Amino acid sequence: FLGGNLLKSKFISFKLPTQQNESSSESEDEGSNDVSASLVPSSIESKKISDLHKNRNRKINWLWNQGRSGGTVQVKRVGMAAKGRAHGDIIPSSPKNFQIDGDTFILFGRKLPIDREGQEPLEDDLPEFVYSEEYGTAEYSFLENDTYSNKSPPPLYFEFEEINKPKPTDKDEVLQAFKLNDKGYLECHDQKIKESNKGVIPYVLKELAKNVLTGKGVVSISLPVRIFQPKSLLERILDALQFCANLLQKGMKDNDELLRMKYILAFIVSGMYMSADLRKPFNPILGETLEGYFKDGTRIYMEHISHHPPISSYLIEGPAEYAFKMYGAVEFKGSIKNKGNVLNIFFEGANYVEFPDGHLIEFHYPTTRVSGLMWGERTVNIEGTGILIDHDHDTRGIVVFNPESPEFDVTTEPTSFEGLIYTSESKELQKKKIASLKDVTDIEEEICDVWGNVLEELLIDNEKFWEIDSYTPYRCFPMPTSLPSDCRYREDLLWLQYDNLKYSQEWKGKLEVQQRHDKKMRLNCEKARKKKKTKFVGV
C-alpha cells in the first residue's frame, strides 16, 4: 500500500509514549495538550541534527604541494572556514586520514611540517543558516552531490528540539489569520498573507512569455514561493486528521457500529478548521515521507507515491489499547471557477477506518473553497459533502456543508452543515451534485439527524459529539529519527521557514527540474521494457 521508503521503516519496532495518567478525567483527556514536547519514544536511538551540523565543519578543501627540498606542505583553506576547529582534530575530508597536529600534519601515517605563511583563517561571511559554502547539498537531500551555487546554498536543518515544539491547538491561535465577516465567512485579515497573494496571475503570464522566448516551455514555470506556506502537502493532509485518535477511541468503547459512524462523522467535521489556510503547501516530491506520532502513542506514516497524478498515501495506527487503523490514498486536486476568482480544493479518493474486529468504514472528504483570488474579500469555507459508507451493514452517513436549501433552522450560516445517517443498499457514490439533503437519492430509512457548525459543534439527534471549545486535537510530534526522504529536509521548504524567499525560490526550481528529469527517465524505461518485453531495464 505504501511506497518503498515507508515499507522499509514500517516494520522497525519501537515503543511510543503512552498516556501519563490513565486515571485522568475525561475533560483532561479531551482538552489537554500539555504532554511535554520533549517526550520522545524512549527506545529510539537517533542521529541528532546537531551531529549532522557538526559535520559541516569538515567541508573544507585542503590543497597541498610537497616541496622537493624542505618536504613542506602548504595548506590552504578553501570555501567554509574550519571555525573553532582545534589542532589534532581529524578532518574526514579528501584525502582521507588527514590530521593536523600543531605545526605539522599527518597524511597516511607520514608526519610533515606545515608552511602557514598567508594561511590566516577565512572570515565566516556566509549568509545565515547556510550549511556549507563548498558542497551543494547537506546529508539528506533529493539532489545528492549537487554542485555548490551561490544562488542556492544548502540550508541548515532545524534541531529536533525546534521542530518538536508544541503546535497551536487553541482555535484562536489556529485561526489567527482569519475573522468572521458580516456574511459569516472566514475572511483573511493577515496583511502579509494578503499582500503575498497579489499579482500571482501577472507573474505567471510574465514567466510564460519568458519561457516561450527562451524555449523552456510551459511546464517549467515555477510558482512564486511567496504564496506558499512552509509546509509540505503531506503535513497539510495531516492537519485535517488531528482529531482522529481522541475521537475514534471513544467509538471503540463498545462494539456499536452506529456509534462508530457517529464518531467518524465527528472527527471529519472537527478537523476542518485545522486546515484553514490561504497559502499553498509545497507539492511533495515522489517518495517524500513524513513520520510522526500523537501523544497517546498513535503512529503516523505518510508517503507521496505518484507524481502525476499527485497521490499521497497515509497509514495511522492507534496504540494497543484501541488499535484502530486509518489509511487512504488521496489525489490533491484543484479547479478554478468564476473567471479565476474562486479555487476549489479537494482530496479525491477513498479513506478507511478499520477497527480491531474487522469492521471497515469508508469516508470521503468535502471541498475547501477559496474565494477572492482576483477581486473581493479573500475568504475560505468548507463546501460540498462528507460521506461515510459502512458496506457491511448497508449504512451511510452524509454531511452537506453550507447547504443551498437548509432543512434545519440552525444551519443557515455559511460555516454550518446538516446531514443524515441512513440505511442504503447502494454500492456506489451518488454522481449527482448534492447541494442540500433534498438531493440525496439513495435513502431507504433515516436513522439520525446531523447538524452543527464547523466553528462550534456537531450534534446527532440533539446529542453533542464534538464541541470546539471542549475538545483539543492531538497535534503530531515528529519522530526524532526519520528517513532521509522526510519532508523536514526539503531545501525549498527550509529556506522559506528561514524567511529567505530568494533561496527558497531557487531550490524550488531545482527540485522541480530534477522531478521532470526523473519522470522522463521513468517513461524511457517503461518504453524500453515494452520494446524489449523484459521486466527490468538498466538505466
Side-chain angles (χ1 to χ4, degrees), residues 174-175 178 184-186 233 236-244 247 261-278 281 312 314 326 328-337 342-353 361-371 379-390 396-408 411-422 428-442 449-460 465-466 468 473:
V174 174
L175 299 172
F178 297 92
Y185 289 94
L186 277 176
L233 179 62
R236 186 72 167 265
I237 294 172
L238 185 57
D239 283 342
L241 305 176
Q242 306 285 341
F243 280 96
C244 68
L247 285 172
M261 291 276 287
K262 293 176 180 180
Y263 274 109
I264 293 176
L265 275 177
F267 117 73
I268 292 174
V269 169
S270 62
M272 291 294 97
Y273 80 95
M274 296 295 298
S275 58
D277 202 308
L278 292 177
S312 299
Y314 68 90
M326 187 165 69
V330 293
E331 178 183 351
F332 180 70
K333 284 190 172 184
S335 63
I336 300 292
K337 303 290 185 180
V342 174
L343 172 64
N344 290 328
I345 305 167
F346 50 97
F347 296 105
E348 186 174 276
N351 306 268
Y352 300 91
V353 176
I361 297 178
E362 175 185 340
F363 68 93
H364 298 257
Y365 275 109
T367 300
T368 299
R369 181 183 178 91
V370 179
S371 302
T379 63
V380 60
N381 198 43
I382 307 301
E383 310 275 348
T385 56
I387 298 174
L388 274 70
I389 306 174
D390 182 348
R396 292 197 173 200
I398 187 166
V399 177
V400 183
F401 294 86
N402 191 19
E404 292 183 2
S405 303
E407 292 286 307
F408 310 122
T411 56
T412 57
E413 296 294 325
T415 52
S416 63
F417 57 84
E418 60 186 24
L420 292 170
I421 297 177
Y422 59 96
E428 297 181 356
L429 292 174
Q430 183 175 320
K431 296 181 179 180
K432 180 184 175 182
K433 179 183 176 181
I434 300 175
S436 67
L437 292 180
K438 297 176 181 178
D439 298 325
V440 182
T441 59
D442 59 350
D449 289 332
V450 180
W451 67 89
N453 191 301
V454 294
L455 300 179
E456 296 176 6
E457 60 189 5
L458 174 139
L459 295 98
I460 301 177
F465 278 79
W466 169 75
I468 196 168

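All values reported here derive from a predicted model rather than from experimental measurement. Excluded from the calculations below are hydrogen atoms, water molecules and symmetry mates; all remaining heavy atoms, backbone and side chain alike, are included.
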Geometric class of the Phe408/Trp451 ring pair [parallel <30°, tilted 30-60°, perpendicular >60°]: tilted

Intermediate values then yes/no, side chain to side chain contact (heavy atoms under 4.5 Å, CB included), Ile268 and Val399: CA-CA 10 Å; Ile268 292 174; Val399 177; over 6 Å; no

Heavy-atom check, side chain of Arg236 versus side chain of Phe332, under 4.5 Å: no

Nearest heavy-atom neighbours spanning Asn453 and Phe417: N-CE2, 3.2 Å

Separation between CG of Asn381 and CG of Leu186, rounded to the nearest 0.5 Å: 7.0 Å

Distance (rounded to the nearest 0.5 Å) between Leu265 CG and Leu247 CG: 11.0 Å

pair Ile389-Leu429: side-chain heavy atoms closer than 4.5 Å: yes

Close aromatic pair by centroid cut-off 6.0 Å: Tyr365 and Phe346: no

Value rounded to 0.5 Å, distance of CD1 in Ile345 from OG in Ser275: 9.5 Å

Considering all heavy atoms, the nearest Val400-Pro403 contact: O-CD, 3.7 Å

Contact summary for Thr415 and Gly184, nearest pair of heavy atoms: CG2-O, 3.7 Å

Whether Tyr263 and Phe465 hold their rings parallel, tilted or perpendicular, with breakpoints at 30° and 60°: perpendicular

Identified side chain to side chain donor-acceptor pair (under 3.5 Å) partner of Gln430 from the options Thr385, Thr441, Asp439: Thr441

Mutual orientation of the aromatic rings belonging to Phe243 and Trp466 [parallel < 30°, tilted 30-60°, perpendicular > 60°]: perpendicular

Smallest separation among heavy atoms of Leu455 and Ile468, with atom names: O-CG2, 3.4 Å

Centroid-centroid distance, Tyr273 to Phe178, less than 6.0 Å: no

Close side-chain approach of Asn351 to Met326, heavy-atom, < 4.5 Å: no

Value rounded to 0.5 Å, distance of CD in Gln242 from OG in Ser270: 10.0 Å

Step-by-step side chain to side chain contact (heavy atoms under 4.5 Å, CB included) determination, Leu420 to Val440: CA-CA 10 Å; Leu420 292 170; Val440 182; 5.8 Å; no

Nearest atoms (heavy-atom pairs only) where Glu362 meets Ala350: OE2-CB, 3.7 Å

From CG (Asp449) to OH (Tyr422), nearest 0.5 Å: 13.5 Å

Atom pair CD/CZ of Glu383 and Arg369 - distance to nearest 0.5 Å: 5.5 Å

Closest heavy-atom pair and its distance - Met261, Gly397: CE-N, 3.7 Å

